[in-house]
Amino acid sequence: MSTSSDRSLTPGDIAIIKATVPALEAHGLDITTEMYRRLLADPTIAEMFDPAHQKNGAQPRALAMAVLAYAKNIDNLGVMGSAVERIAQKHVSLEIQPEHYPHVATALLGAIKSVLGDAATPDILNAWGKAYWALADILIGREHQLYDASAHAEGGWTGWRPFIIDRTERNCETATSVYLRPADNKPVIAPKPGQYLGVDLEIPGHGRTRRNYSITSSGHRHGYRITARHIPNGAVSTWLNSDQCPGTPVLLSPPAGDFTLPEKLNGPIAFVAAGIGITPFIPMLDVLSRPENTTPVQIVQVAHSSATAPFARELAEVARNSDGRIRLTTRLTEKDGHPDAVWVAQQIPAEATVYICGPLGFMRDIVNGLPKAGIATNRLRYETFGPDTGVTD
């Protein structure tokens, strides 16, 4: 592992990293799978991760794509600015600290050596050690800024703050809204519309775990609301959708995430959501529906059925009370599948900024398809739930 005194990437190091791109394309998933096997052997680190993302391979695939992108752009990291910001935001929501980074470095370099064998020469391992710490130092610096901002915000805090699940409310057949109040009854940070919370909780019979949930309440400082989709056989979502959780203590990290409305709105906005992907848009719509706002808004909600469409009644009411400024189009798929990007593009107003959120398959098809259907890429904003696997080809 590189020390702080020898982390500077030289032109030779950069050349070595770029030369490993073919090996990463061929063996990247094997490397990241082995890395997580090593990393998660530590129970204190394992509880930071969603085990479902390990079982279905989403987390290793996401990291493999991120490592490959990093290697390809090692000499032009400016193009990865938005990805670095998303990673930093996710890290602070899970309370990742500088002392966690050496564990990842050891696991990653060990995995590279294990998978590539003799091909992982000392020069390659040295270059990748420097490359890892070059990125880690950027993330640690940005995460320090985010932690500091949360600590000094009105109602702010650092670390994990105790909250109580005050009550729950059935949102639709497949989702429940969970109301969280601070245990000390003191004010909390008013989130930016679209942000999420890190939630540390103990599920009876399953132990401690951490998850991220979009905040579906707006601006008040007395607590938060999250809305959880029930995933069959999912321990956390089953518990949150049951009548067992009210009154239970949980721990929350401060609001995080950069999938938010800009301070100044410029032109129409379209929200395209599938299933529980509607959740980050609920507080955004609360802002946009206020009388002082005049921005035209198009909502496109995709769901399997009217009974499983989260916030369907609230969306209809917002549209009904807007005098036509906010329009709602609902597409019920009835069975598996989702509408194609051509149909979605037909619903989007000219020159609208398009916010997209939903399951990975939906995201991949819509984000890749909308530019082919005439919606410029620079008009797209999107968020994936779970590991950021990179929804574009």
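When reading the values below, keep in mind they use all heavy atoms of this one structure, side chains included, and skip hydrogens, waters and symmetry mates.
A perpendicular orientation is assigned to the rings of Tyr355 and Phe281, their planes being inclined by more than 60° (bins at 30° and 60°). The aromatic rings of His338 and Phe362 sit perpendicular to each other, their planes meeting at more than 60°, with 30° as the lower class boundary.
Side chain to side chain, Asp30 and Thr33 fail the donor-acceptor criterion of an N or O pair below 3.5 Å. Side-chain atoms of Gln298 and Thr329 include a donor-acceptor pair closer than 3.5 Å. Arg170 and Asn241 share a side-chain donor-acceptor pair at under 3.5 Å. Between the side chains of Asp148 and His152, at least one donor-acceptor pair of N or O atoms lies under 3.5 Å. Side-chain atoms of His230 and Thr174 form no donor-acceptor pair, as typed in the model, at a separation below 3.5 Å. A side-chain N or O of Tyr101 and one of His91 form a donor-acceptor pair less than 3.5 Å apart.
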Q: Report the C-alpha distance between Gln145 and Arg142 in whole Å, list the side-chain angles of each, state the deciding distance to 0.1 Å, and finish with yes or no for side chain to side chain donor-acceptor pair (under 3.5 Å).
A: CA-CA 5 Å; Gln145 294 174 337; Arg142 178 56 180 152; 3.0 Å; yes
Q. Passes side chain to side chain donor-acceptor pair (under 3.5 Å), Ser93 versus Asn212? Steps please.
A. CA-CA 7 Å; Ser93 78; Asn212 292 127; 2.8 Å; yes
**Q.** Step-by-step salt bridge (charged side-chain N to carboxylate O under 4.0 Å, His left out) determination, Arg38 to Asp42
**A.** CA-CA 8 Å; Arg38 292 166 177 250; Asp42 184 338; over 6 Å; no
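For Arg181, the CZ atom counts as densely surrounded, since its 6.0 Å shell holds more than 12 non-hydrogen atoms of other residues, nucleotides or ligands. In this structure, Asp323 places its CG atom where only 12 or fewer heavy-atom neighbours from other residues, nucleotides or ligands lie under 6.0 Å away. Counting non-hydrogen atoms of neighbouring residues, nucleotides and ligands closer than 6.0 angstrom, the CD atom of Glu292 exceeds 12 such neighbours. Enclosure of atom CG in Asp184 by more than 12 non-hydrogen atoms of other residues, nucleotides or ligands within 6.0 angstrom is indicated. Around atom CD of Glu169, more than 12 heavy atoms belonging to other residues, nucleotides or ligands sit under 6.0 Å away. The local environment of NZ in Lys113 is crowded, with over 12 non-hydrogen atoms from other residues, nucleotides or ligands closer than 6.0 Å. Summarising the local packing, CG of Asn233 is surrounded by 12 or fewer heavy atoms from other residues, nucleotides or ligands at distances under 6.0 Å. For CZ of Arg290, the number of neighbouring non-hydrogen atoms (other residues, nucleotides, ligands) closer than 6.0 Å is greater than 12.
Interatomic distance, CD1 of Ile276 versus SG of Cys172, reported as 6.5 Å (0.5 Å rounding). Of the inter-residue distances, the one linking Ile226 atom CD1 with Leu197 atom CG reads 7.0 Å to the nearest 0.5 angstrom. Note: Ile366 CD1 to Cys357 SG = 12.5 Å, rounded to the nearest 0.5 Å.
With hydrogens and angles disregarded, a donor-acceptor distance shorter than 3.5 Å links the side chain of Thr308 to the backbone of Ser305. Looking only at distances, a side-chain donor or acceptor of Thr20 sits under 3.5 Å from a matching main-chain atom of Ile17. Judged by distance alone, with hydrogens and angles left aside, the side-chain atoms of Ser237 form a donor-acceptor pair with the main-chain N or O of Ile231 at under 3.5 Å. Within the 3.5 Å criterion, the main-chain N or O of Tyr147 finds no donor-acceptor partner in the side chain of Ser150.
No path of Ile, Leu, Val, Met, Phe, Trp and Tyr side chains, each step under 4.5 Å between heavy atoms, connects Leu251 with Val236, placing them in separate hydrophobic clusters. Hydrophobic cluster membership is shared by Ile45 and Leu63, with clusters built from Ile, Leu, Val, Met, Phe, Trp and Tyr side chains linked at under 4.5 angstrom.
A centroid separation of 6.0 Å or more is found between the aromatic rings of Tyr213 and Tyr196.
Each of Thr216, Val199, Ile215 was evaluated against Tyr224; a single residue qualifies, Ile215, per the side-chain contact (heavy atoms from CB on, under 4.5 Å) test.
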